[in-house]
Amino acid sequence: MAEADEFGQSETGDSRNLTIDGRYVIDLDQKLADFVNCPAYHVKDTVSPTTDVLALAPPALLPPHASAAVIAKMRAPNLLSVRSFSDATGSLWILCDAPPGNALSEGGTWTETSVLERVIVPIASILHAYNEAGVTHRAIRPDNVFDSGGRSAVCLGPAVTAPPAYFQPDRFEPLTSAICEPAGRGSGTIVDDVFSLGALAAWLLGGCVPYRDDAPGAQLEERFQKGSFAVLAGHLPLSQDVAPLLAAMLSDDPAARPSPRDLLHAADHKGYVVRRAAVATAPIILGSVRIKTARTLAWYAARYRKEFASLLVRGVIERWMSYELGMPQAAGKLALLARDVVLAEDGTIASSATFMELISVIDPTMPLCWSDIWFWPDAIGQLLTTSLAGKSKASVDPSLAVFELIRTGRLDKFALVTSVPTQPTACAMVQTAARQVSIETLADIDRLPYVLNPYLPCLSPRCQNERLTATWALLQWLNTAQDMEVSGATALLDRQMTIFMAVAALRSRLVETFSDLAISKNSWSLDLALLAKVQHLYMTGPLKGIGRKLLPHLTPDLKRWRSRSTRTSRGEQLAVAAGEGDLGLMQKILADPQALRRDQAAYNAARKLENKLKTERERLAHQDTDVPQPMRNEMIRLATAVGVVCAIGSLCAEIVL
């Protein structure tokens with residue numbers, strides 16, 4: 001690899017091999033089938049050659065979330081271990097053991113006893129360890145659980161190969177997660193994992209029916225109307241021991257689900273009491289839907305805003321919740337909010353802020369709803385990443401929704417009304433991150449994902465496939481990449497590269513504020529100034545490739561020097577500095593304010609002298625010389641005589657010679 005010796009790389013081999021932790025050699029030419037939706041490569045363990053290890057490379061747009069390093073250290077029986085979670089090579093690599101058997105998604109026959117003893121209890125033990133560590137798994141589904149056969153427990157796959165719950169089919173997610181698009185689901189809580197485990201058990205007992213062709217959201221309405229247990233497991237011939245267990249695990253009320261500790265004794269067939277949610281005797285009609293629960297009301301209110309607003313301002317919603325659901329406190333809060341509801345001409349609620357609060361009052365376990373988008377605050381980083389890449393499936397731009405939430409301070413309001421314990425902290429983190437990177441306009445919102453997730457690679461389209469998670473790796477790519485310039489480019493870097501480097505320096509505390517390194521726009525000279533700072537901050541050594549790429553485009557900056565000799569001299573110095581890869585010296589040569597002032601002063605003095613001489617010449621050209629006529633005649637006579645004498649002398653000289 002050209003000029004790779006300009007960088008210190010402790011964990012690299014040749015151009016097609018990478019060595020991790022000094023023992024795991026990844027062969028980039030041996031790509032394997034994706035493992036749990038993550039690109040995988042062959043690995044050789046030089047310490048234990050017979051060990052079967054996989055190298056996983058999360059795509060740039062689907063990085064693990066910020067606490068992935070903590071999760072990667074989790075160890076528990078029947079959990080597929082992560083051997084290494086490292087970006088020491090400049091890109092994130094996850095090394096884990098190969099699974100001990102086939103994924104459950106390949107089908108099989110399961111009894112209640114085998115599901116209890118081999119699936120629920122072993123995975124509950126893992127979730128208990130996760131809960132004690134304060135993290136969640138959020139990837140419990142058939143293709144991430146492996147069965148080696150016999151009577152042994154299944155093995156749960158890793159939780160750090162993608163954003164939380166991103167690849168979870170709707171049927172394996174609680175309603176409060178399934179209504180969000182995959183990027184907006186977030187880490188959730190441990191009882192969300194309990195729901196996924198219950199859904200997995202119901203799927204196994206139902207005969208492992210294929211689900212890959214399920215349309216997103218196909219079962220949501222039925223689940224809101226009938227309940228998730230009724231839809232996912234109500235058709236199964238369950239015993240009196242297992243039915244209450246699954247009913248509790250699949251409860252749509254998070255508080256009614258058992259904890260992982262409770263499930264450790266599931267195989268003993270101990271009784272589970274399902275706490276029923278309040279159900280109205282007289283339903284309320286919203287649109288054409290008959291609604292009997294608060295959760296269903298919250299869901300349909302977002303779909304029938306006009307009808308909901310009409311009932312709200314007339315006090316119908318307040319009275320129904322108070323008398324039918326026994327929720328007088330929530331009804332009282334709705335009455336206060338109804339006074340602030342502003343209706344547009346078509347009768348819809350005009351204020352997203354008010355509507356968000358209304359939904360949270362009706363059911364504080366529901367995710368944040370803003371401009372028809374459902375998402376959890378701890379998923380904002382991934383939601384923006386997906387949106388900025390043009391991959392969002394939302395009907396409204398999530399970037400605008402997040403910007404409005406930050407600008408209006410409504411995240412703090414949601415933190416006060418939600419009953420999900422992890423979300424207030426997430427709201428505070430987003431607001432803090434927004435202040436760190438000075439989000440003042442909608443155009444600034446693309447800075448936020450980098451602050452919220454240290455494992456987010458540089459999202460520049462030019463290097464996205466490289467999955468570069470470190471500034472030094474981006475510099476190396478810029479330094480060695482061939483034919484990387486876009487035709488007609490006006491700069492070496494692009495916006496994503498500059499934001500990535502500025503946030504990385506801020507996170508490493510190499511700069512005090514985001515603006516210390518960020519630039520307002522990209523141009524060849526501004527990129528040189530930025531890269532010179534970065535070269536100094538990270539002490540990278542020579543960057544000859546970058547210097548050579550910048551050099552041909554710096555001529556306009558040289559032309560600021562008025563003196564031709566100075567331009568020539570500094571141009572030669574600039575070429576030498578570029579060849580040495582000293583970006584700081586290149587910047588100093590181009591941006592020498594004292595020398596520029598002297599050059600400009602000399603230029604101004606020369607222009608002033610030039611103007612003075614022009615004025616004098618014009619004055620002399622128009623000056624009338626007052627010579628008397630006799631003197632003028634004498635001058636002509638004398639000049640004629642001198643001319644005749646010179647002519648005679650010339651003839652004589654010609655004859656003699």
Side-chain angles (χ1 to χ4, degrees), residues 36-37 103-110 112 115 119-120 123-124 127 136-147 154 156-157 159 162-238 242-243 245-254 256-258 263 274 277 293 295-296 299 365-367 374-376 379 393:
V36 197
N37 298 295
L104 297 185
S105 55
E106 297 187 14
T109 302
W110 293 81
E112 287 187 352
V115 167
V119 179
I120 293 181
I123 295 182
L127 294 182
T136 57
H137 192 279
R138 305 297 281 117
I140 300 176
R141 58 181 185 271
D143 67 337
N144 197 30
V145 181
F146 305 92
D147 180 22
V154 297
L156 179 60
Y166 188 88
F167 290 109
Q168 290 289 94
D170 289 352
R171 66 168 62 226
F172 298 103
E173 283 295 288
L175 286 175
T176 52
S177 177
I179 62 176
C180 305
E181 68 168 291
R185 291 174 174 173
S187 298
T189 63
I190 202 67
V191 292
D192 294 328
D193 282 326
V194 168
F195 183 97
S196 298
L197 178 56
L200 174 65
W203 180 79
L204 291 172
L205 294 173
C208 304
V209 178
Y211 57 85
R212 296 188 183 279
D213 294 332
D214 287 357
Q219 295 179 319
L220 288 183
E221 290 200 44
E222 187 180 8
R223 286 173 62 181
F224 270 106
Q225 289 290 342
K226 299 178 181 179
S228 293
F229 172 73
V231 174
L232 299 178
H235 61 288
L236 301 177
L238 302 175
V242 173
L245 170 64
L246 290 188
M249 296 177 72
L250 295 175
S251 173
D252 290 324
D253 181 3
R257 297 173 202 147
L263 296 176
V274 181
T293 66
R295 183 168 295 104
T296 307
W299 162 248
T365 68
M366 291 288 274
W374 295 90
F375 60 93
W376 288 103
K393 300 177 182 178

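All values derive from a computational prediction rather than experimental measurement. The basis for the numbers below is simple: all heavy atoms, side chains too, and nothing from hydrogens, waters or symmetry mates. Quick note: residue numbers are just sequence positions, from 1.
Side-chain contact check for L236 versus V242: every heavy-atom pair is 4.5 Å or farther apart. Counting only heavy atoms from C-beta outward, the side chains of V154 and F146 never approach each other to under 4.5 Å. Taking the side chain as every heavy atom from C-beta outward, L200 and V115 never approach each other to under 4.5 Å. Contact annotation: the side chain of I140 never approaches that of N144 to less than 4.5 Å [non-hydrogen atoms, C-beta and beyond]. Using a 4.5 Å cut-off on side-chain heavy atoms (C-beta onward), L263 and L127 make no contact. F195 places none of its side-chain heavy atoms less than 4.5 Å from the side chain of L175. Between P182 and Q168 the shortest side-chain heavy-atom distance does not fall below 4.5 Å. Looking at V119 and V145, their side chains never come closer than 4.5 Å, going by heavy atoms from C-beta outward.
W299 and W374 have tilted rings, their planes meeting at an angle from 30° to 60° on a 0 to 90° scale.
Residues L238 and A233 share a closest heavy-atom pair of CD1-O, 4.1 Å. Across every non-hydrogen atom of L245 and I120, the tightest pair is CD2-CD1, 4.1 Å. Annotation for L250 and G198: closest pair CD2-C, 3.7 Å, computed over non-hydrogen atoms. The minimum heavy-atom distance linking D192 with P174 is given by the pair OD1-CG, 3.4 Å. Nearest heavy-atom pair, Y166 versus R185, reported as atom, atom and distance to 0.1 Å: O-NH1, 4.4 Å. S105 and Y211 make their closest contact through CB-OH, 4.3 Å (heavy atoms, listed as atom of the first residue, atom of the second, distance).
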* Checking side chain to side chain contact (heavy atoms under 4.5 Å, CB included) for the pair R295/D253: CA distance, chi angles, key distance, verdict? -> CA-CA 9 Å; R295 183 168 295 104; D253 181 3; 4.1 Å; yes
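With W110 contributing its side chain and C208 its backbone, the two residues share no donor-acceptor pair below 3.5 Å. Checked by atom type and distance alone, the side chain of D252 pairs as donor or acceptor with a backbone atom of S228 at under 3.5 Å. Within the 3.5 Å criterion, the main-chain N or O of P367 finds no donor-acceptor partner in the side chain of T176. Here the side chain of D193 pairs a donor or acceptor atom with the backbone of H137 at under 3.5 angstrom.
A donor atom on one side chain and an acceptor atom on the other are not found under 3.5 Å apart for S251 and R257.
Between the CE atom in M366 and the CH2 atom in W376 there is a gap of 8.5 Å [rounded to 0.5 Å]. In this structure, S196 OG and W203 CH2 are separated by 14.0 Å, a value rounded to the nearest 0.5 Å. Between the CD atom in E173 and the CZ atom in R138 there is a gap of 4.0 Å [rounded to 0.5 Å]. Distance CG/L246 to CG/L197: 9.0 Å, rounded to 0.5 Å. For the atom pair L232 CG and D170 CG, the distance stands at 10.5 Å (nearest 0.5 Å).
A side chain to side chain contact (heavy atoms under 4.5 Å, CB included) with F224 is found for one member of I179, T293, V231 and no other, namely I179.
Note on R171 versus D214: salt bridge recorded, some NZ/NE/NH1/NH2 to OD/OE distance being below 4.0 Å.
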